[in-house]
Participant: 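Just passing along the structure, written as structure tokens.
A note on names: the letters A, B, ... follow the listed sequences, proteins ahead of strands, and every chain is numbered from 1.
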Amino acid sequence: MVSFVLRRLAISVVTLIGISMALFALTRFIPGDPVSMYFNPLTFEGDREAAVEAVRARLGLNDPIPVQYIAWVREIFNGNMGFSMITGRPVTELIADRLPATIYLMGVSTVIAIVLGITGGIIAALRKNTIVDYATLLGALGLVSVPSFFIALLAIYIFGLKLGWLPTAGINVPNGGWGDAIRHLILPAGIMGISGSVGYIRWARSSMLDVLDQDYMVTARSKGLSRPRVVLQHGLRNALIPLVTILSMSIPSLFGGSVVIEQLFAWPGTGRMAIDAISNRDYPVVMGFVMITTILVLVCNLLADITYALVDPRIRL
Amino acid sequence: MSRARSLAKIAGVALIAALTFAACTPPGSSPEPGASPTDASSSTQAGGDLRYHLYQAPTTFSPFHATNGADGEIAGLHFRPLMVTQGEDYHGILAKEWEVSDDLTTFTFTLQETNWSDGTPFTSADVLYTFETFAAPATASGFSGRLGGVKGLTDFQEGKADTITGLTAPDDHTVVIELDAPNVGFMTGLGTLIIVPKHIYGDIAIDQLQTTPEFREPTVGIGPYIFSRWVTDDQIEFVPNEESFEDHPLDHIYAQYLAGDVARAQLETGEIDIAQIAAADVDAAKAAGINVQAKEGIGVMSLFSALDSGKLADVKVRQAIMYAIDRQSIVDNVLGGNAKIAETLLYQPSWTIPNDLTEYNYDPDKAKALLAEANWDESVEVNLDIVPGQADRDAVMEIIAGQLQAVGINAKLHQVQPAELTTLVEDRKFDLLITILSMSPVEPALANGRFMCGQSLNLAAYCNEELDQLLKEASESADQAVREPLYHDAQRIINRDVPAIPLYVSNQMWGSTDRVQGFDPTIGALTSAQNWTVS
Amino acid sequence: MTSTSETTPVLSVRDLTCEFSTAGGTVRAVNGVSFDLAPGETLGVVGESGSGKSITMLAILGLLAANGRITGGSVTLDGVELVGASEKRLQSVRGREISMIFQDPMTALNPVMTIAAQIDESLKRHSRGLDRRGRQSRIIELLDQVRIPNAVRRARQYPHEFSGGMRQRAMIAMAMANRPRILLADEPTTALDVTVQAQILDLLHDVQVETGTALVMITHDLGVIAEVADRALVMYAGRVVETGTAAELFAEPRHPYTRGLLASRPTLDDTDGGDLDAIPGQPPNPARLPSGCSFRPRCDLAQGRTECAEAPELAVLGEGRAAACHFHTELALSERPA
């Protein structure tokens with residue numbers, strides 16, 4: 001196990017370096033100069049060219065790309081990931097502000113998706129080919145066909161505007177407490193959770209059906225165990241092993257968030273931050289965000305692999 | 001093994017709980033309760049929280065580096081300018097009085113006697129420091145041109161001098177500005193710049209101003225309400241400034257960026273008190289019981305063409321386009337009547353406009369005739385350049401495309417990303433770029449830079465020597481009786497030359513809930529918060 | 001030990017019929033099977049795949065798949081009817097009075113539970129009197145009984161850490177945990193090496209002797225019958241076609257199918273390199289059984305005789321001896337196999 005972890009860490013570092021280099025170069029090749037964009041030619045009063053030149057020189061943007069890269073790496077070791085070209089804020093602060101909100105929202109919605117999805121899938125598998133099974137599959141199909149933003153708008157309209165039960169947007173009101181935070185979380189997390197549950201329903205159903213066919217299920221019944229125990233301890237316990245892998249595939253979205261949902265619900269997360277940074281060619285923010293997300297994804301994948309080994313005794317790392 | 005599994009399960013749940021917990025704390029839940037609106041029973045005058053919608057995402061409090069309107073609003077509330085325009089007049093804020101010399105070259109401001117929020121006196125040193133920082137090239141401010149024409153500016157900007165000789169402070173409460181040449185509009189341009197405290201920012205290197213945390217979380221201000229904290233990255237809390245000489249009855253103001261639709265919905269539910277409303281939503285808002293007010297003359301939506309690169313260089317073609325577009329119908333159908341058409345790009349103040357301007361009423365036949373006279377080549381592609389995303393503009397451009405095609409102009413919609421837009425403008429390759437231009441409601445000379453030959457703000461690169469002469473003369477007098485005929489002639493030229501296609505002058509529509517008293521968008525938005533109370 | 005009329009059978013199966021609903025229609029997999037099981041005896045059940053032998057055993061415990069049901073007959077355990085009994089009743093019988101072991105111990109054991117946990121589960125359910133320590137020592141005792149070395153260490157391991165033979169021992173231990181009266185063994189040695197087979201058969205025999213459990217040994221291998229069974233049933237196409245003691249069946253098969261099975265076994269004397277004497281044809285598809293005698297298409301006795309158009313009754317030939325063939329008498333007179 002230890003050697004496995006060490007090997008993975010070594011590979012991760014190499015991956016990280018490779019990604020940082022590739023991304024650094026790529027962002028510079030995308031057409032569009034952020035400094036030029038920042039000084040809007042339609043409204044700039046004064047000597048725009050001088051201002052653009054001054055800022056480009058200050059930020060070292062006229063240096064060759066490898067030189068810029070080295071400078072960036074050196075700053076990273078000083079704990080400085082640069083400053084946003086648009087707002088001037090330190091990138092670390094910006095991400096530290098927005099990332100928790102996204103993780104919070106995505107984390108809760110993933111939990112909802114899993115709980116709903118697995119429960120639905122298991123029930124459908126146990127009641128295979130009955131009304132319950134068909135209804136569940138049909139419901140899942142319906143959900144996946146309707147775009148989540150449409151459901152979101154509908155939900156905001158019904159629950160926020162018409163019924164007034166839930167707030168229409170935002171992560172909380174200032175000085176709100178726990179209850180308020182939860183009320184704000186219900187719609188966005190609920191909608192994303194329900195949309196996300198579709199994949200889990202289908203997967204859980206098929207995994208459970210596979211397991212139900214296994215010989216050890218018959219053995220378990222032949223021992224006189226109660227039906228719940230057979231389904232849960234023998235069936236579910238095996239059906240859920242691949243869940244770790246499935247979950248690990250959704251880890252990147254945990255940090256990237258959903259731009260659409262964040263925009264609709266005015267959720268101060270990284271989804272919108274990333275899109276804005278890319279549109280504005282805000283290199284430091286893009287680099288910082290991708291680096292941090294990559295690190296988090298690599299770490300989480302490693303944890304997922306370890307968890308997988310813990311969960312399935314047949315796997316030895 | 002099942003022990004390890006249970007451990008992993010517990011760890012997972014704990015992790016999620018921890019994240020939830022941790023993420024719950026930063027988004028501004030400090031346990032102290034603000035005075036809730038419900039407890040101010042009969043007292044409608046004091047206390048309460050107000051929630052205000054910012055149309056764009058706020059990025060900084062630095063007046064030097066304001067990137068959008070929202071930045072201007074928050075900086076303007078926390079700090080203050082010398083004066084603001086209200087309606088068609090000036091209203092002094094940090095400037096108590098001002099005097100303009102007869103030859104329009106010397107401006108004297110008498111400053112308000114007041115303190116910054118930390119008790120430090122507000123003096124002319126702050127004003128000088130601010131103006132010089134605006135002008136300094138190292139600041140890279142988009143408003144550096146405001147000081148154009150001040151004596152000694154060039155030497156200062158080229159590094160030959162440490163200060164601007166034309167800016168002086170005879171005493172702590174007086175600022176004198178001398179120009180090289182008379183310019184009547186100068187005062188508005190300079191007077192509306194927002195002033196920052198020298199004792200806070202003076203020690204920071206100028207090229208570090210954009211990134212200093214002092215402009216992210218400013219500690220000292222002078223407005224009626226000052227910055228308290230960023231509740232989230234999109235929401236700012238303002239609290240009353242006890243040192244301010246302006247009224248500050250509210251307990252908190254929360255300025256939050258929201259998408260337009262969300263803001264509209266929140267007006268109805270009462271989660272937000274004041275928000276801008278899109279023209280198309282006005283009727284629905286009124287039906288939902290929201291108070292709707294209009295601020296007229298926000299700007300003229302126009303189509304700009306790079307006249308120097310040729311496609312629309314012939315004035316007849318531009319006139320043809322004016323006739324080809326049914327502007328009244330656009331106003332009625334797309335904007336719900338919440339706009340007016342303008343026959344000239346310089347659409348206000350009203351006294352500059354004569355009543356004998358050509359009215360370009362919708363007349364496709366006339367358009368075709370003009371195109372024929374200009375030997376217009378129907379195969380030439382004319383791009384309708386637009387940065388998509390605002391429903392009004394998107395709809396308008398589609399309609400225009402159809403109407404131009406109907407008269408034989410091969411017009412095509414060309415959507416550009418913001419990054420491409422910059423290149424398009426720098427390369428002078430825009431055929432009909434839709435953008436909004438605002439004019440001062442008080443001082444027409446502020447717009448000179450948009451019309452005069454060789455000026456950087458003259459987007460179309462339009463040049464008419466006769467017009468330049470008229471505008472120059474008009475800026476050398478303060479007497480409206482003298483200026484009016486000059487402007488009338490100038491308007492006739494603009495109306496005839498059509499340097500850009502003026503489509504309509506739009507209104508800015510605002511919605512507010514019944515809780516709010518004293519909100520009047522014609523006076524000002526967030527920067528007039530001293531007038532607001534809630535019940 | 002032969003079954004005599006003085007000992008009451010511990011298990012009695014009468015005219016058991018099982019049907020499955022499939023996409024192609026209803027399939028009758030077990031068609032009127034009857035037999036008795038005396039306490040402590042070893043009953044062999046021989047037949048090819050599709051003969052219904054496993055289904056019969058599953059039906060006894062009420063373990064048929066979701067699309068199967070018992071449509072007729074009765075199964076009595078000490079006189080108590082199991083067909084139609086409540087699930088609760090059946091659960092108290094399974095693992096306690098009647099246990100079952102299966103063919104492939106790798107797939108029959110839960111891969112994510114330790115051996116100890118799987119045995120413990122059964123103990124917890126049925127041996128309420130034992131506390132945790134009691135259960136733990138019982139588990140070690142069982143593993144010792146099935147001759148798994150290092151029982152304490154092995155108990156904490158997972159099935160995939162055991163060899164094939166050891167897994168089967170573990171399964172036997174699990175099945176015997178609550179001292180059942182009857183052990184149903186569904187081809188327990190089929191998936192094992194020949195040498196291991198012998199060990200397992202020995203083990204089963206020893207366990208049986210120690211505990212007095214009756215054993216039903218399902219197999220397709222006549223050699224196993226010869227080794228362990230007191231009596232045996234031969235099943236074909238869902239029916240019992242012949243019964244008798246192992247000696248009787250081997251010496252004088254009274255059904256052409258039994259005779260064919262015996263003849264098709266390769267012996268050490270077959271050195272001439274000739275073909276195996278396999279029974280011609282294929283076992284019938286339970287969904288599409290031939291009309292009349294199910295064995296007719298493959299039978300050399302039938303020779304087109306019209307009696308075979310009717311399914312033969314199980315004719316009693318003696319004490320515990322029966323055969324279902326119209327011409328079983330002809331077989332009695334035919335040459336004894338070498």
Participant: What do you reckon, is CD1 of A:Ile131 surrounded by more than 12 foreign heavy atoms closer than 6.0 Å?
Facilitator: no

Participant: Which atoms form the tightest heavy-atom contact between C:Leu64 and A:Arg221, and what is the distance?
Facilitator: O-NH1, 3.9 Å

Participant: Contact between C:Met174 and A:Thr219 at the side-chain level, heavy atoms closer than 4.5 Å - yes or no?
Facilitator: yes

Participant: Do you know the tightest heavy-atom contact between A:Pro313 and C:Pro111?
Facilitator: CG-O, 3.5 Å

Participant: Answer whether the closest heavy-atom distance between the side chains of C:Met113 and A:Gln233 falls below 4.5 Å.
Facilitator: yes

Participant: With a 4.5 angstrom heavy-atom cut-off, which part of C:Thr107 approaches chain A: side chain, backbone, both or neither?
Facilitator: both

Participant: To the nearest 0.5 Å, how far apart are OG in A:Ser226 and CZ in C:Arg125?
Facilitator: 7.0 Å

Participant: Side chain, backbone, both or neither: which part of C:Leu184 has an atom under 4.5 Å from a heavy atom of chain A?
Facilitator: neither

Participant: Does the pair C:Glu121/A:Lys223 count as a salt bridge with the N-to-O cut at 4.0 Å?
Facilitator: yes

Participant: Using non-hydrogen atoms only, which part of C:Gln118 is less than 4.5 Å away from chain A: side chain, backbone, both, or neither?
Facilitator: both

Participant: Side chains of A:Asp215 and C:Phe102, heavy atoms from C-beta outward: is any pair under 4.5 Å?
Facilitator: no

Participant: Using every non-hydrogen atom in the two residues, find where A:Ile241 and C:Val112 come nearest and quote the distance to one decimal.
Facilitator: CD1-CG1, 3.5 Å

Participant: Quick check on C:Leu109 against chain A: is it the side chain, the backbone, both or neither that has a heavy atom closer than 4.5 Å?
Facilitator: backbone

